[in-house]
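Below you'll find the structure, written out as structure tokens, and then a few comments.
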Amino acid sequence: MDTEEKLDINEELETMDTVVTEKYDASQIQVLEGLEAVRKRPGMYIGSTGPRGLHHLVYEIVDNSIDEALAGFCSHVEVEILPGNVVCVRDNGRGIPVGLNEKLGLPSVTVVLTMLHAGGKFGGSGYKVSGGLHGVGSSVVNALSEWLEVEVSQDGHIHHQRFERGVAVSELVIIGDTTESGTLIRFMADSAIFTETTEYEFETLQRHFRESAFLNAGLSITLTDSRNSEEILEEVFCYAGGISSFVEYLNQSRGLTPLHTPPIHLCTVSGERCAEIAMMYNDSYNEILLSYANNVHTADGGTHETGFKNALTRVFNDYGRKYAILKDADKNLSGDDVREGMTAVVSVKLTDAQFEGQTKGKLGNTDIAQLVSSTLYDKLMTYFEENPSIAKAIFSKALDASRAREAARKARDLARRKSALESNSLPGKLADCSEKDPAVTEIYIVEGDSAGGSAKAGRDRRYQAILPLWGKMLNVEKARLDRVISNEKLMPVVTALGTGIDDDFDLSKLRYDKIVIMADADVDGAHIRTLLLTFFFRYMRPLIDFKHIYIAQPPLFKVSKGKKHFYAFTNEERDTYMEELGGNCEIQRYKGLGEMDAHQLWETTMDPEFRTMLRVTLEDAVRADETFTILMGDKVEPRREFIEKNAKYVQNLDV
């Protein structure tokens, strides 16, 4: 760089510094009033402005009604989706207070709906237990709605008020008389905020409210979809068995065979705290553990879940030693051993619950861990002693899991020693890339040697690696870890990625940023993709959580006429290209990747400039777990029901 260039740059920097200094003064400090902050940064309050955030609006309003049920004042909640995707939520609770707030000079219901951190959940006597502890639920929904109307039935009158985008556009007025009590809220989500969609999915709401009804034994929740007058959908959720019914449902919906019935139900009430546990063992190799605090699903766990896991492992080992199921020379059972094949729901209710973040994914109260731990240890130990045959069946499964885990450990150790002795420990069929920076590299896991050969010849060898696989691989949903470790189809994948597997998994050792599954666009290719995704989900889950898994989209057709050609990925796209070329085209139907030469595979499926790939993400881990169990498990009937229900979503391809 010469002197003149240096001077120019210095002058630019001085100018930039002057501009920044002049602009950054008191006038630049912006204060957002009322609910402006919510509309400015909606993701901070509801997680996203996509479908998940849209449905979260409904949950926030219904959660307030459920808080009334927890307080003992509500027995029925009605949720209706009206034409135009207007949502109406009605409960038979006490109704939001309508009296004047002396400090603000506004009706209390107006304060609740227009001000953040205003409500009856901050240490007053209104609610001892509540899931909506942040005091922002109703006001956030109001802020993110094009309009919202509230009707409160209280003290013999029906009170009404209307809001638009969080601002009251009418006074609170009495519009009628009633002998009932409760709150009704109607709202329409603001399409200016939810630009992706304002269309509610009945099944998404159905799953959520079924779960809520399980967690509140005896509470009735009615969900109605009246958007289509010719086909009104309605379902009522009410379960007297509470979380025990929930555990039975989780097993039944997955087609799992229980080792014992009914579920083990344990409960302790201590002052204003309650710990409730329902658990049942089944014939699968996977665990299902759902935890809740004040009806809020704590997807990231927390102290209550930690207390449960620690106590469960302690019960098994103490009981096993006491009754000589575990011999002196035997190792203690691990947490994974005792949770294999377990379906459990842990639900705690407590005052002043401390959640991490507005989405409340993790519970932080340290004292609740002891209550859960003592409940499980004392009562499960007693249960085992009173039901020795059930204890024997469960222990037999845990011991089998322990032996399989030990066999897997030995297989891993052998593999490590073998790798240390070999100069090149990478799989022999791997065609690696020259770039060593994992941030810019990608690996294609390719079905078949033929397609693998084309991919190797057509790739950009600087940053693209190719690993061919052949034949059908192990369905890990039906196998324990020891069989997975010794499988010759799967272990080359683990070795190539470098992360290890299961308990040994270390994401920091991942050798490629993108892991691309490239299989034929037919039934067999779909099966191979599903087998690989099942494997990644069960044993290398962080690869999905951190969005490293992709699915390549090879074309189905090549449409040619003269020197012009197009690649089509659907029948419709093929027909469009044929019409564009004037008909009488040559159509090549690719039945497999191996039919493409290296150049074709590169320009259609591997060239970053033109390729199309699907990134695999995980929005609902519980639903994904259920789907993998249904599709890849042993039971035929749940799989048949799933296919019949979802067949309408499958694209009709000539395969």
Side-chain angles (χ1 to χ4, degrees), residues 33-39 57-69 71 73-122 124-127 130 132 135-193 198 222 224 226:
E33 297 181 357
L35 297 177
E36 289 180 70
V38 181
R39 293 186 61 83
L57 298 184
V58 188
Y59 305 156
E60 286 285 0
I61 298 299
V62 175
D63 282 350
N64 289 334
S65 298
I66 292 176
D67 287 341
E68 278 286 282
F73 297 101
C74 173
S75 61
H76 188 206
V77 183
E78 298 175 13
V79 184
E80 185 175 7
I81 316 170
L82 300 167
N85 284 290
V86 172
V87 173
C88 179
V89 179
R90 180 199 303 267
D91 68 50
N92 64 347
R94 293 169 291 183
I96 303 172
V98 295
L100 197 67
N101 182 293
E102 295 181 2
K103 182 178 180 180
L104 299 171
L106 294 170
S108 295
V109 64
T110 309
V111 174
V112 167
L113 288 167
T114 58
M115 296 188 179
L116 294 177
H117 309 295
K121 305 168 185 176
F122 294 96
S125 59
Y127 296 94
S130 167
V136 300
S138 297
S139 56
V140 165
V141 176
N142 193 13
L144 301 180
S145 296
E146 188 173 318
W147 58 263
L148 180 147
E149 292 180 341
V150 60
E151 292 181 11
V152 178
S153 297
Q154 199 173 86
D155 299 329
H157 302 296
I158 301 173
H159 306 258
H160 174 273
Q161 190 169 20
R162 181 180 172 91
F163 306 83
E164 293 179 3
R165 294 183 170 87
V167 178
V169 294
S170 74
E171 300 293 327
L172 182 69
V173 295
I174 294 175
I175 61 171
D177 298 326
T178 182
T179 58
E180 300 177 348
S181 66
T183 301
L184 181 151
I185 289 181
R186 279 186 298 267
F187 68 91
M188 176 185 281
D190 192 345
S191 58
I193 299 292
T198 55
T222 301
T224 306
S226 56

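FYI, side chains are in, hydrogens and waters are out, and symmetry mates aren't considered; it's all heavy atoms of this structure.
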_Verdict with reasoning, Ile158 to Ile174, per side-chain contact (heavy atoms from CB on, under 4.5 Å)_ = CA-CA 6 Å; Ile158 301 173; Ile174 294 175; 6.0 Å; no

By side-chain contact (heavy atoms from CB on, under 4.5 Å), Asp155 pairs with (sequence neighbours left out) none

Separation between CD1 (Ile193) and OG1 (Thr198), nearest 0.5 Å, reads 12.5 Å

Those residues at least two apart in sequence (or on a different chain) that pass salt bridge (charged side-chain N to carboxylate O under 4.0 Å, His left out) with Glu80 are none

| Just by distance, do the side chain of Arg94 and the backbone of Glu68 share a donor-acceptor pair under 3.5 Å? | no

So side chain to side chain donor-acceptor pair (under 3.5 Å) across residues 141-153, not counting sequence neighbours, yields Glu149-Arg162, Glu149-Arg186, Glu151-Arg186

Residues at least two apart in sequence or cross-chain that pass side-chain hydrogen bond (donor to acceptor under 3.5 Å, both in side chains) with Thr110, listed by chain then number, are Gln161

Here the side chain to side chain donor-acceptor pair (under 3.5 Å) pairs for residues 99-108, sequence neighbours left out, are none

| message | Checking Val62 against Asp91 for the side-chain contact (heavy atoms from CB on, under 4.5 Å) test, could you report, in this order, the C-alpha distance in whole Å, the side-chain angles of both residues, the deciding distance, and whether it holds? | response | CA-CA 9 Å; Val62 175; Asp91 68 50; over 6 Å; no

The reported gap from SG in Cys74 to CG in Asn64 (rounded to nearest 0.5 angstrom) is 11.0 Å

query: Does some side-chain heavy atom of Leu172 sit less than 4.5 Å from a side-chain heavy atom of Val98?
result: yes

Q) Would you say Val38 and Leu144 make side-chain contact, with heavy atoms under 4.5 Å? A) yes

Taken in chain and number order and not counting sequence neighbours, the residues that satisfy side-chain hydrogen bond (donor to acceptor under 3.5 Å, both in side chains) with Thr183 are none

Those residues at least two apart in sequence (or on a different chain) that pass side-chain hydrogen bond (donor to acceptor under 3.5 Å, both in side chains) with Ser191 are none

Side chains of residues 175-182: which donor-acceptor pairs under 3.5 Å do they make with residues two or more places apart or in other chains?
| from | atom 1 | to | atom 2 | distance (Å) |
| --- | --- | --- | --- | --- |
| Asp177 | OD1 | His157 | ND1 | 3.0 |
| Thr178 | OG1 | Glu180 | N | 3.0 |
| Ser181 | OG | Gly93 | O | 2.8 |

Heavy-atom nearest pair, Thr114 first then Leu35, reads O-CG, 3.4 Å

Interatomic distance, CG@Asn92 vs CZ@Arg90, rounded to 0.5 Å, equals 10.5 Å

Within the 4.5 Å heavy-atom criterion, are Met188 and Asn85 side-chain neighbours or not? no

**Q.** Minimum side-chain heavy-atom gap Val86-Phe187 below 4.5 Å
**A.** no

Between the CD1 atom in Ile185 and the CZ atom in Phe163, the distance rounded to the nearest 0.5 Å is 9.0 Å

Val87 and Val89 have their tightest heavy-atom pair at CG1-CG2, 4.0 Å

Quiz item: Less than 4.5 Å apart, any side-chain heavy atom of Ser226 and any of Leu82?
Solution: yes

For Arg165, the salt bridge (charged side-chain N to carboxylate O under 4.0 Å, His left out) test, sequence neighbours excluded, returns Asp190

With sequence neighbours left out, the residues meeting side-chain hydrogen bond (donor to acceptor under 3.5 Å, both in side chains) with Ser170 are none

Looking at side-chain heavy atoms only, is the closest gap between Ser139 and Leu113 below 4.5 Å?
no

Quick one, Leu148 and Val141 - any side-chain contact, counting heavy atoms below 4.5 Å? yes

Rounded to the nearest 0.5 Å, the OG1 atom of Thr222 sits from the NE2 atom of His76 at a distance of 3.0 Å

